[in-house]
Every structure is written in C-alpha cells, then in structure tokens.
Amino acid sequence: MNKIFFILALSTIFAFQSVAKSWKNYAGLSFNAPISQTSAKAEEAEQEEKISQMGAGAELTYIGVHSSGFLLMADAALGAATSEDIEIQGSSRNVGIYENISIGAGFAFLNTDTALLGSAITTGVEVSQYTHKYSDSKASKDIQVTQSASLVTASVGADLFFAYNVTKHFGFFTSVAAHYIFFGDGQDEVRNEWKEGNMKKSESVKTDLSLSGKYVFSPSIGVIWNF
C-alpha cells in the first residue's frame, strides 16, 4: 500500500514539473497613461454629457505563456486622474485617482528566450474618484462641505504587448490596450456637516449617473521579469 502511495505521489510531482516546464511566467512594472471617454446621463436629465479623463500612474502586469502559444494575462493600475468635465473643485481641471484591473486570454505570436509578442482579449473594470473639501458659513454655522464624484465602468477589448529580455530574467516591456465601455455607473454627492452644540449633524444630496459607450485607451512602458 505504501508503495502505491509513493508511486502516486511521485507521478503527481512529475506531472506538476512537466506542466510547470511548459509555462513561462512574466511579471511587469510599468508607467501607464490611460485616456478614456464615456457618456453620462443624470437622473431625470434630458441629454447625455461626455466625461473625458486622462491619467498617469503605475501598472502591474502578469503574463503566463504556454509552450503552445496560449497565454493568460492580468494587470492592475493605480494613479492620478484629471478631467475638465467633472466640476467639483472650482477649477477648469479636477484631479482625482483611478484604479484599473483587467484579465483575459490570448496568443503569443513570438515566444522565444529573448522576445515575447502577443495579444489578448481582456475585460476590465475602471474606477475613478474625485473629492473636494472646503468650509462654508451659512446662518451662523460653520459647515464642512465635501463634494465628490465617482465613476465605475466595465469594458472589453484587446491588449497588444511586446517584451524583450536584456538579460536571462530581466528586460523591457511595452503594451497598449483598447477597450469599449459597455456598462457604467456613477454618482455625484454634496455632503454638508456641522455642529449644533455637542451634536454633529449632516445632510447630503446625491445624483446617480448612468454611464455607457465610448472607450478606454491605455499605453504603458516599463520593465519585466521572467521566471
């Protein structure tokens, strides 16, 4: 019985080693600059308005490539976002933060020890948040006002990437993603907070936004580690 268990365990180890040898793994760190545009319609509004955004930040990428050329891809990005179409900070351009995450699968057209060229069909979620705080005085009350706008979109599209190894394990990496936004949701909120005696009071006005259509275009360039 022990021999049977030993043989099964040994066979499992060899099987995992065989699978592992047939895959290459890449992990990248890059600078990315996404550009997006979507259509937004507020509750009870008659017309849609466009919301354009630009961003700059860091992106983490994972690519797993099988010896057959099949690949899996995932990336996540975080950075600063700007927009002239979100008016909450009393200026022509507002600054916020963005987060993007996407996953997908595709094929490597070139897969050698020195270079990797491939494409993947990916789906992603994009989140951006803008916040502005200031003080106001009304009816002898000091009011703390917080204006915020949040946007969440879902998209699908394609990623094209290229990696070149300078050494055995390290190299340069560049990619570009183009996605179509097929769904989205957003919210504008104005929140007032003040004190009356020892009590803290607040009130808020929220406006829901329906987002749909347009694009996310995200180029990136950086370094990559293969293992």
Side-chain angles (χ1 to χ4, degrees), residues 13-38 52-82 97-128 151-184 211-227:
I13 291 173
F14 282 133
F16 275 116
Q17 287 181 339
S18 177
V19 171
K21 288 180 179 179
S22 62
W23 283 86
K24 289 182 182 179
N25 298 288
Y26 295 82
L29 174 62
S30 57
F31 166 81
N32 84 319
I35 301 171
S36 68
Q37 187 178 106
T38 186
S52 298
Q53 299 180 90
M54 299 176 62
E59 183 176 57
L60 294 174
T61 301
Y62 167 78
I63 303 172
V65 186
H66 191 262
S67 57
S68 64
F70 174 76
L71 64 88
L72 299 173
M73 183 177 186
D75 57 51
L78 175 66
T82 66
I97 60 171
Y98 76 89
E99 300 174 69
N100 297 345
I101 185 170
S102 66
I103 57 173
F107 186 78
F109 311 110
L110 177 64
N111 182 17
T112 68
D113 291 336
T114 57
L116 174 66
L117 173 66
S119 180
I121 301 299
T122 54
T123 182
V125 175
E126 302 82 30
V127 179
S128 54
L151 308 173
V152 181
T153 56
S155 63
V156 64
D159 285 45
L160 179 66
F161 58 86
F162 175 72
Y164 183 80
N165 289 336
V166 178
T167 67
K168 183 178 180 180
H169 293 290
F170 291 93
F172 296 107
F173 171 76
T174 184
S175 71
V176 60
H179 281 198
Y180 169 77
I181 296 174
F182 62 87
F183 174 78
L211 311 176
S212 63
K214 302 296 177 71
Y215 61 85
V216 180
F217 180 76
S218 181
S220 65
I221 185 169
V223 295
I224 201 161
W225 172 50
N226 66 82
F227 54 97

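All values reported here derive from a predicted model rather than from experimental measurement.
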Look up atom OG1 in Thr153 and atom NE2 in His179, then write down how far apart they are to the nearest 0.5 Å. 10.5 Å
Would you mind reporting whether Tyr26 and Leu116 have side-chain heavy atoms less than 4.5 Å apart? yes
Check the pair Ser128, Gln53 against side chain to side chain donor-acceptor pair (under 3.5 Å), reporting the backbone distance first and the verdict last. CA-CA 9 Å; Ser128 54; Gln53 299 180 90; 3.1 Å; yes
Distance-minimising heavy-atom pair for Ala115 and Tyr164: CB-CD1, 4.3 Å
Would you say that Ser119 contacts Leu160 through its side chain, given a criterion of any heavy-atom pair below 4.5 Å between the two side chains? yes
Would you list the pairs meeting side chain to side chain donor-acceptor pair (under 3.5 Å) in which at least one residue belongs to residues 213-227, sequence neighbours left out? Asn32-Ser218, Gln37-Lys214, Glu59-Ser220, Asn165-Asn226, Ser175-Ser220
Nearest 0.5 Å, please: how far is CG in Leu151 from CD1 in Ile181? 9.5 Å
By side-chain contact (heavy atoms from CB on, under 4.5 Å), Tyr62 pairs with (sequence neighbours left out) Asn25
Would you indicate whether the side-chain heavy atoms of Met73 and Asp159 approach each other to under 4.5 Å? yes
Distance-only, no hydrogens or angles: does the Lys24 side chain make a donor-acceptor pair with backbone N or O of Thr112 under 3.5 Å? yes
Could you tell me the separation between the CZ atom of Phe172 and the CD1 atom of Ile224, rounded to the nearest 0.5 Å? 12.0 Å
Do Val156 and Phe182 come within less than 4.5 Å of each other through their side chains, counting heavy atoms only? yes
Roughly how far, to the nearest 0.5 Å, is OG1 of Thr38 from OH of Tyr180? 8.5 Å
4.5 Å side-chain heavy-atom contact, Asp75 and Leu60: no
More than 12 heavy atoms of other groups within 6.0 Å of Phe70 CZ: yes
How close do Thr122 and Gly104 get, heavy atom to heavy atom, and via which atoms? CG2-CA, 3.8 Å
What pair of heavy atoms forms the shortest contact from Phe161 to Leu117, and how long is it? O-CD1, 3.3 Å
Does the side-chain contact (heavy atoms from CB on, under 4.5 Å) test come out yes or no for Phe173 and Thr61, once each step is laid out? CA-CA 10 Å; Phe173 171 76; Thr61 301; 4.1 Å; yes
Ile103 CD1: over 12 foreign heavy atoms closer than 6.0 Å: no
Does the side chain of Glu126 pick up a donor-acceptor pair with the side chain of Ser155 at under 3.5 Å? yes
Ring pair (Phe, Tyr, Trp, His ring centres under 6.0 Å) filter on Phe107, not counting sequence neighbours, yields Phe109
Gly64 to Trp23 - nearest heavy-atom pair and separation: O-CZ3, 3.2 Å
Flag the pair Leu72 / Ile63 as yes when at least one side-chain heavy-atom distance between them is below 4.5 Å, and no otherwise. no
